[in-house]
Amino acid sequence: MASIQRAKGMQDVLPEDRRYWDVVIETATKLARRYGFLGIDVPVVEYTNLFARGMGEASDVFVQKEMYTIEEPDGTSVTMRPEFTAGLVRAYIENGMASWPQPVKLFTVGPIFRRERPQAGRYRQHSQFDVEILGETDPAADLEVMMLAMNLYAELGYKGLTFQLNSTGCPTCKPVYIEALTAYLADHAARLAAIDKERLEKNPLRVLDSKEEGMDELLANAPHIIDYLCEDCDSHLKDLRRMLEALDQSYTINFRLVRGIDYYTKTVFEVWAQGIGAQAAVCGGGRYDGLAEAIGGPSTPGVGFGSGIERIILGLKEQGIEPPDSQQPKVLVAHFGGAAKETAVSLTYKLRDQGIATRLAFARDKRSMKSQMREANRMEAHTVLIIGEAEVAENMVAVRPLDGADQARMTVEDVIQYLKNKE
RNA sequence: GCGGGUAUAGUGUAGUGGUUAACACGUCUGGUUGUGGCCCAGAAGAUCGUGGGUUCAAAUCCCACUACUCGCCCCA
């Protein structure tokens, strides 16, 4: 209706929702620190080739259609980050983190940008909490990011959480698997929907997450990558599974969970939560031992996950989890203008200096007490401090509790004590 | 890129051809002097998404567009 409106796929986070963000980010940060991760921030914009490299055939599509890319006048192409991992790996290489004590465990929070058609919980700008362990091949690192993710949702109050786990192999064994899968699907081409035939041509692994009728059955009998893993990938997965079992952490081997791009290796996982719309996944993660090389750096193993904050919040709401109300002042300073105004102002700042959250009634001219009391009620204040001529003259403050208790007159010092006791 | 749904005050809605578009919530003011919630009274706030068409007459019917939304494609 109005021509003043936000751009497509962009969201305002209004104060009422902002408290969810506070809880999520605070919980995530606290947990990451508990796990020994270091906070880091990287730029929103990187050179386009950082994101484009290593994406293989897909990169053209992504760069042209899905990324916010800016051509600068001098011909430089930069792109707003569509994910965190590449930027973090870049920062690791560029800042010499390879010579820090290994591995380097990093976490970050911030917006990422993808120019897609928006849908539920999926916006063009959305924020992610992202965690990466760089420079470590031990499956215990995979376990660590998985458990951090799981603990995060559990701590936030999510119910019905499950791990979906699989391996996507490596450049040694994945091609063998793809061949076997392609052969199987080609043999059963008659049972494939048009869309899946197309996928079979372009990216056979994608057929695995087909939503078409009858695919559950067909795919159940298809080759599963777990049976095609090379020795290294196989032992990696087995090791990880043993550790999960040692923690009594249940998980589901989901043979349909894979990654189509080569630099993804070994572990792939998602955390699913019950009842949050079409997509159950609240996070996706895995190992990417080939990424650093793909973007032109030294070979560096890595494993991590990213989780969309908006989607986490959507899930919290659907599960009926309420964050505490945002902390607002419970004290209002009311006055009658004139000299009382200055006294009220100075009282307000005195209280704030004492750490007492205080709101000052604004009034350009005279304002009725009724109006100011209504304001106090609206903000759910427990106390109104009233400054009028009489109070100014006597250097006192009228303290009016809103819970029905009697009004009293106090010195400023007593008011401070009184309010501190009340908190 | 492809489908479905929706579009009326800040918000949620009512209003399916006929005078000044209604209600609730919210906002603001007042209910005498310096005191809230409840209640009462009043006010502000809508070119009915935009543009065209049909008609004596359109929020209402038709067409187009746009936006929002849900899903598909894609998903790093």
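As the structure is a prediction and not an experimental result, all values here were calculated from the model. Side-chain atoms are counted along with the backbone in the values below, which use heavy atoms only and exclude waters and symmetry mates. To find a chain, count down the sequence lines: A is the first, B the second, and so on, and within it residues start at 1.
- The C1' atoms of B:rA21 and B:rA59 are separated by 8 Å, rounded to the nearest whole Å.
- Nucleotides B:rA46 and B:rC63, compared at atom P, are 30 Å apart to the nearest Å.
- Residue pairs that meet the salt bridge (Lys or Arg N to Asp or Glu O under 4.0 Å) test with at least one member in residues 379-401 of chain A, sequence neighbours left out, are A:Glu391-A:Arg409, A:Glu394-A:Arg409.
- For A:Asp17, the salt bridge (Lys or Arg N to Asp or Glu O under 4.0 Å) partners two or more places apart in sequence, or in a different chain, are A:Lys317.
- Comparing the P positions of B:rC40 and B:rU54 gives a spacing of 50 Å, expressed to the nearest Å.
- Take A:Asp12 and apply the side chain to side chain contact (heavy atoms under 4.5 Å, CB included) test, not counting sequence neighbours, and it matches A:Arg6, A:Leu14.
- Spacing between B:rU16 and B:rC48 at atom C1', rounded to whole Å, works out to 14 Å.
- One C1' atom belongs to B:rA44, the other to B:rA9, and the distance between them is 10 Å to the nearest Å.
- Taking the side chain to side chain donor-acceptor pair (under 3.5 Å) definition, one finds that A:Arg241 meets it with A:Tyr251, sequence neighbours left out.
- Applying the salt bridge (Lys or Arg N to Asp or Glu O under 4.0 Å) rule to pairs touching residues 177-187 of chain A yields nothing, sequence neighbours excluded.
- Remark: the separation of the C1' atoms in B:rC74 and B:rG17 is 46 Å, to the nearest Å.
- Residue pairs satisfying the ring pair (Phe, Tyr, Trp, His ring centres under 6.0 Å) criterion with at least one member in residues 194-225 of chain A, sequence neighbours excluded, are listed as follows: A:His224-A:Phe255.
- Nucleotides B:rU55 and B:rC61, compared at atom C1', are 10 Å apart to the nearest Å.
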Short N/O separations, protein against nucleotides 33-35 of chain B, under 3.5 angstrom:
{"unit_1": "B:rG34", "atom_1": "O6", "unit_2": "A:Ala390", "atom_2": "N", "d": "3.3"}
{"unit_1": "B:rG34", "atom_1": "O6", "unit_2": "A:Glu391", "atom_2": "OE1", "d": "3.4"}
{"unit_1": "B:rG34", "atom_1": "N1", "unit_2": "A:Glu391", "atom_2": "OE1", "d": "3.0"}
{"unit_1": "B:rG34", "atom_1": "N1", "unit_2": "A:Glu391", "atom_2": "OE2", "d": "3.2"}
{"unit_1": "B:rG34", "atom_1": "N2", "unit_2": "A:Glu391", "atom_2": "OE2", "d": "3.3"}
{"unit_1": "B:rU35", "atom_1": "O2'", "unit_2": "A:Arg400", "atom_2": "NH2", "d": "3.2"}
{"unit_1": "B:rU35", "atom_1": "O2", "unit_2": "A:Arg400", "atom_2": "NE", "d": "2.4"}
{"unit_1": "B:rU35", "atom_1": "O2", "unit_2": "A:Arg400", "atom_2": "NH2", "d": "3.4"}
{"unit_1": "B:rU35", "atom_1": "N3", "unit_2": "A:Gln407", "atom_2": "OE1", "d": "2.9"}
{"unit_1": "B:rU35", "atom_1": "N3", "unit_2": "A:Gln407", "atom_2": "NE2", "d": "3.4"}
{"unit_1": "B:rU35", "atom_1": "O4", "unit_2": "A:Gln407", "atom_2": "NE2", "d": "2.6"}

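- Residues forming a side chain to side chain donor-acceptor pair (under 3.5 Å) with A:Arg124 (at least two apart in sequence, or on another chain): none.
- For B:rU27 and B:rG10, the C1' atoms lie 8 Å apart once the distance is rounded to whole Å.
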*asked:* Expected output check: what is the dot-bracket annotation of RNA chain B, where ( ) and [ ] are pairs inside the strand (brackets for crossing ones), | is paired with another strand, and pairs are Watson-Crick or G-U under 3.5 Å?
replied: ((((((((.[[[[.)..(...]]]].(((((.......))))).....[[[[[..)....]]]]])))))))....
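- Contacts of A:Asp403 classified as side chain to side chain contact (heavy atoms under 4.5 Å, CB included), with partners at least two apart in sequence or in another chain: A:Pro401, A:Ala405, A:Lys422.
- Put simply, A:Arg115 has no side-chain N or O that comes within less than 4.0 Å of OP1 or OP2 on B:rC75.
- Aromatic ring centres of A:Tyr228 and A:Tyr177 lie closer together than 6.0 Å.
- Not a single donor-acceptor contact under 3.5 angstrom links the side-chain atoms of A:Arg122 to the base of B:rC70.
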Please tabulate the protein-to-nucleotide N/O contacts below 3.5 Å involving nucleotides 3-5 of chain B, giving atom names and distances.
none

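- Not one N or O on the side chain of A:Asp289 forms a donor-acceptor pair closer than 3.5 Å with the backbone of A:Tyr264.
- Nearest to the side chain of A:Pro82, among B:rA76, B:rG30, B:rC72, sits B:rA76.
- Note on A:Glu116: a base of the nucleic acid sits closer than 4.0 angstrom, heavy atoms only.
- When distances are taken from the side chain of A:Ala120 to each of B:rG36, B:rG71, B:rA76, the shortest belongs to B:rG71.
- Contacts of A:Arg199 with the nucleic acid, taken as non-hydrogen atoms under 4.0 Å apart, involve only primed sugar atoms and P, OP1 or OP2.
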Between protein and nucleic acid, restricted to nucleotides 38-42 of chain B and to nitrogen or oxygen atoms under 3.5 Å apart, what atom pairs and distances do you find?
none

